[in-house]
Chemist: 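One structure, as structure tokens, below. Some questions next.
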Amino acid sequence: MICAGKPTTMPFATLAAATFPQPFDPAQAALGLERWRQQAASSADPDLKGWAESFADSTPGRALIDAVCGNSPYLSLNLSRELPFVRRVVEDGFAPTFDRLMTALETEQAQERSMDRLMSALRIAKRRAALLIALADITGAWTLEQVTGALSETAETAVRLAAAHLLRRAGEAGTLTLPDAERPWVGSGLIVLGMGKLGGRELNYSSDIDLIILYDDAVVKTPQPDNLARTFIRLARDLVRIMDEHTKDGYVFRTDLRLRPDPGATPLAVSVSAAEVYYASVGQNWERAAMIKARAVAGDFEAGANFLRYLEPFIWRRNLDFAAIQDIHSIKRQINAHKGHREVTVNGHDIKVGRGGIREIEFFAQTQQLIFGGRDARVRVAPTLRANQALCDIGRVPQTAVDELAEAYNFLRRVEHRIQMIDDRQTHRIPVEDAGVAHLAAFLGYDDPAAFRADLLARLGRVEDRYAELFEEAPSLSGPGNLVFTGTDDDPGTVETLTGMGYRDASRVIAVVSSWHRGRYRATRSSRARELLTELTPTLLTELAKTPAPDTALMNFDGFLEKLPAGVGLFSLFVANPWLMELAAEVLGTAPQLAATLSRNPSLLDAVISPDFFDPLPSKDSGLAADYARVIGAARDFEDALTLSRRWTNDQRFRAGTHILRGITDGDRCGAFLADLADIVVPDLAARVEAEFAARHGRIPGGAWVVVAMGKLGSRQLTITSDIDLIVIYDVQGGAKMSDGAKPLSPNEYYIKLTQRLTNAITAPMADGRLYEVDMRLRPSGNAGPLATALDAFLSYQATDAWTWEQMALTRARVIGGDPALAERVAASIRAVLTAPRDPDKLLWDVADMRRRIDKEFGTKNPWNVKYARGGLIDIEFTAQYLQLRHGHDRPEILHIGTAKALRNAAHTGALPPEVATELEATLRLWRRVQGFLRLTTAGVLDPEQASPTLLAGLARAVFPDRDPVQNPGKNPAAVDFGELDTTIRSIAARAHGHYVALVEEPASHIAPPASQQDQKLP
């Protein structure tokens, strides 16, 4: 059994030689002694009663009871509960008693048919084994190897009995055909692999057990082949229940199946054929490291051995390229390993995964085993300390390092066991409070907690130094701290790092990044892609953390990654051009509209590295229209034209948005470029829609139509997220009553349906997104009016029924497509409306009233809502529109579709003081810069509390463009004083509002409201 060849017994007479830890809590020790005596007194066995009293009265017996009960509430309860078993341990010795316990369990439960009875027996045996092993550990009777070996044997025996029981049940139920009913595991095809510490026979005291449950579909015999997967999934679920479920007798071992291939996407039991495909195609280096300790512990041992032999080429690669070695190193190099600089504190330190902890000793061996084990089978051993010695024997590790790590490993595992013995908790963390540290020190036999602290720090330091030596030649991946995404449990240091970086849900971040390495996305199916991504991840997370919402940015990147057709090319591009990854992170985390475009078309990043991407944006006449013509010329049909127009427009918008993000342009200067895009695409689609429509309905003889841009498109000041305001006007010369096609329509119906087709062509969602959202509420009578308006009806409406705000909107009307002759007539008609004489008092009152109504419904105190805030865009636009309608009759030169130009015209014609016009124009351009940036980067109105440094830097460029030079790609933003920004724009807004009040609001307050306009409604 486990202790052959070593002195393992400690009969009663020799307990006096043992050194027991002092009870940390004497009161609990006294209570434990009292409980012991009460249990002895209640025993029906006089012999046991006498022995128990005698033991408690003896010096070594009392020392043992005090040591256990004064330090471990969990062991204290079990000690008094198991008096007969404790007597056997004391009288017969630890090893013989343990061996008999396991033998009896095997013998008595080998043919058990009741799952409930089996579960009870396993729990009682585990409780007794845990008590025995703890006593052997506390008294120093067993070495660490014996302690961990006994814990592992207990778990292995329980799993083996549970698996045999479930196989027998499946055979009796007829779902499996078992070759040997007496030994149901033989030839069953069930493979239960013990992983991690169970596989290496190194279980800790309160360890869970890591299992992989497989079934060899080439071996399993079943009369129900269609139910094969369900049969083994049910078996796996029942196995976990037998081991894991808490009953009145406790539990056996917490069981974890997450080391199976791709646990987020696979069932609890995986077929051997599926597992072989997984490991051959997307198996990761950390899984290779985990498989070093894999061992068949239950089920069909022959099938298990065959599977592990199949995996040998995966685990032990004979030829490793540089990238693979780097990736192996990155398994743990992602953890900060700083030689000689001590920042570890004892309180709260995790001795398993913290710096200088047990995991570093394990990875010290495993990373080198992966590198050298392919060519030298001597290092292919599972136990950690034996692996280190094997590496020393082949000249890879100095003996001094092996000795230091072995001594530290033994010390840290003893500490780990005492932590867990206190309350039977699967934890590896030193208590946070000083009292807890003192308790742990006492349980370990220290008289002074300070001595324990010194010893612990010394071991942690030595381990950290030895581990750091492995990677002195390798570049660090760690960045701001631990960033470990291997294994199944969240690394505490990584959780801390991610939280400190600004991520709100660190566990979700870890899950997402870990999933990238499981090959679920096309971009990460090759090992080279995953190796590159490993190297890029720390920088990527750092860049995403700079965005306003890092968690959202990460999910955007995940969506982007999911759509990538391949990863190696792009990841290599990121490695060669780090600023490009910074840009991608900035876009995905800062600009939702651009992020959607980039996710749909990742190849846009190829265009970013072209030499002219950051050149000034072209105009319609300087190459933009020609570029569109080249692209759209490849369209094979109408649907193809829709696709190509969207792709081209969205690509151009992406370029413009990137320029705004990087400060190359701004929302004011970019408005004309964005309007040019619509000016090119919308007329082209209108012509194509008309041709498609005419093929079915013909044309109206003498008929023509035009598309009129309104609002921001009309004034050529679009933002990245702007919808487009359109109206359609048509005219029929010659009195035609119907179209001349196969399915004729009347002119009114014809142009209304044609307009519907156009809006559908523009707004229909496709793979490349929508082209634009279209708003047609500015047509005569708004939503109540027809989609297309005859020119005569349009003129009649404007002359007799139009609201003042509708004629204000006409100041920005611009014909962008359709019949050229009709376009001239419509433009002349609009100008005639704008230059018609008006009642100045009614106009003034209507403008002021409309602004008041808008403020009542949408008013805000947030100055960053630059559209509706007082002194914002509406105040300035209303001022310009009022002046144009007020003076358009006698000074027609005041008219202009652009608000800035209209303000300058007002100054030139004497309608506005030049200094006021200059100030309002400067403010208008400021608001456009701010709005252009915020529309790009925020989903709603700016919340200053959520503004990141990157966002504030962009705002600073918008507010103070002269203070911040044009940034080159990759340059980090400087710190920004948000208070200064806020104070500045509040002051500017107040001055602009003052001008509006002086020009419109205050004069209007002296005018009685016109009766005919009292029910005027908002547009």
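Below, each value reflects all heavy atoms present in this structure, side chains not excepted, and no hydrogens, waters or symmetry copies.
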Chemist: So among Val587, Leu583, Thr658, which one has a side-chain contact (heavy atoms from CB on, under 4.5 Å) with Val608?
Modeler: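 Only match with Val608 under side-chain contact (heavy atoms from CB on, under 4.5 Å): Leu583.
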
Chemist: When you look at Gln652 and Phe673, which way does the side chain to side chain contact (heavy atoms under 4.5 Å, CB included) test go after all the steps?
Modeler: CA-CA 9 Å; Gln652 296 297 332; Phe673 172 80; 3.6 Å; yes

Chemist: Is it the case that Arg359 places NZ or CZ above or below the six-membered ring of Phe363, under 6.0 angstrom from the centre and within 45 degrees of the axis?
Modeler: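 Pair Arg359/Phe363 counts as cation-pi.
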
Chemist: If you measure only the distance, is there a donor-acceptor pair under 3.5 Å linking the side chains of Thr542 and Thr539?
Modeler: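 The criterion, which ignores hydrogens and geometry beyond distance, is not satisfied for Thr539 and Thr542.
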
Chemist: Heavy-atom distance under 4.5 Å between the side chains of Leu924 and Leu920, does that happen here?
Modeler: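 Not in contact.
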
Chemist: Write out all pairs satisfying salt bridge (Lys or Arg N to Asp or Glu O under 4.0 Å) with one or both partners inside residues 674-685, taking only residues at least two apart or from two chains.
Modeler: Asp676-Arg716, Asp679-Arg716, Asp679-Arg814, Asp684-Arg688

Chemist: Classify the angle between the aromatic ring planes of Phe613 and His659 as parallel (below 30°), tilted (30 to 60°) or perpendicular (above 60°).
Modeler: perpendicular

Chemist: Counting C-beta onward and ignoring hydrogens, is there a side-chain heavy-atom pair between Ile874 and Tyr868 closer than 4.5 Å?
Modeler: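 Contact flag for Ile874/Tyr868 side chains = yes.
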
Chemist: Ring pair (Phe, Tyr, Trp, His ring centres under 6.0 Å) with Phe560: which residues, sequence neighbours excluded?
Modeler: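 Only Phe557 meet the ring pair (Phe, Tyr, Trp, His ring centres under 6.0 Å) criterion with Phe560.
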
Chemist: Using modelled atom types only, decide if a donor and an acceptor are shared between the side chain of Arg770 and the backbone of Thr763 within a distance under 3.5 Å.
Modeler: yes

Chemist: Looking at residues at least two apart in the chain, or sitting in another chain, which of them share a salt bridge (charged side-chain N to carboxylate O under 4.0 Å, His left out) with Arg812?
Modeler: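 Scan of Arg812 (salt bridge (charged side-chain N to carboxylate O under 4.0 Å, His left out), adjacent residues dropped) gives Glu877.
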
Chemist: Short question: side chain of Ser722, backbone of Thr719 - any donor-acceptor pair under 3.5 Å?
Modeler: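 The answer is yes, because a donor-acceptor pair under 3.5 Å joins these two groups.
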
Chemist: If you count every heavy atom of other residues, nucleotides or ligands that lies below 6.0 Å from Arg258 atom CZ, does the total exceed 12?
Modeler: yes

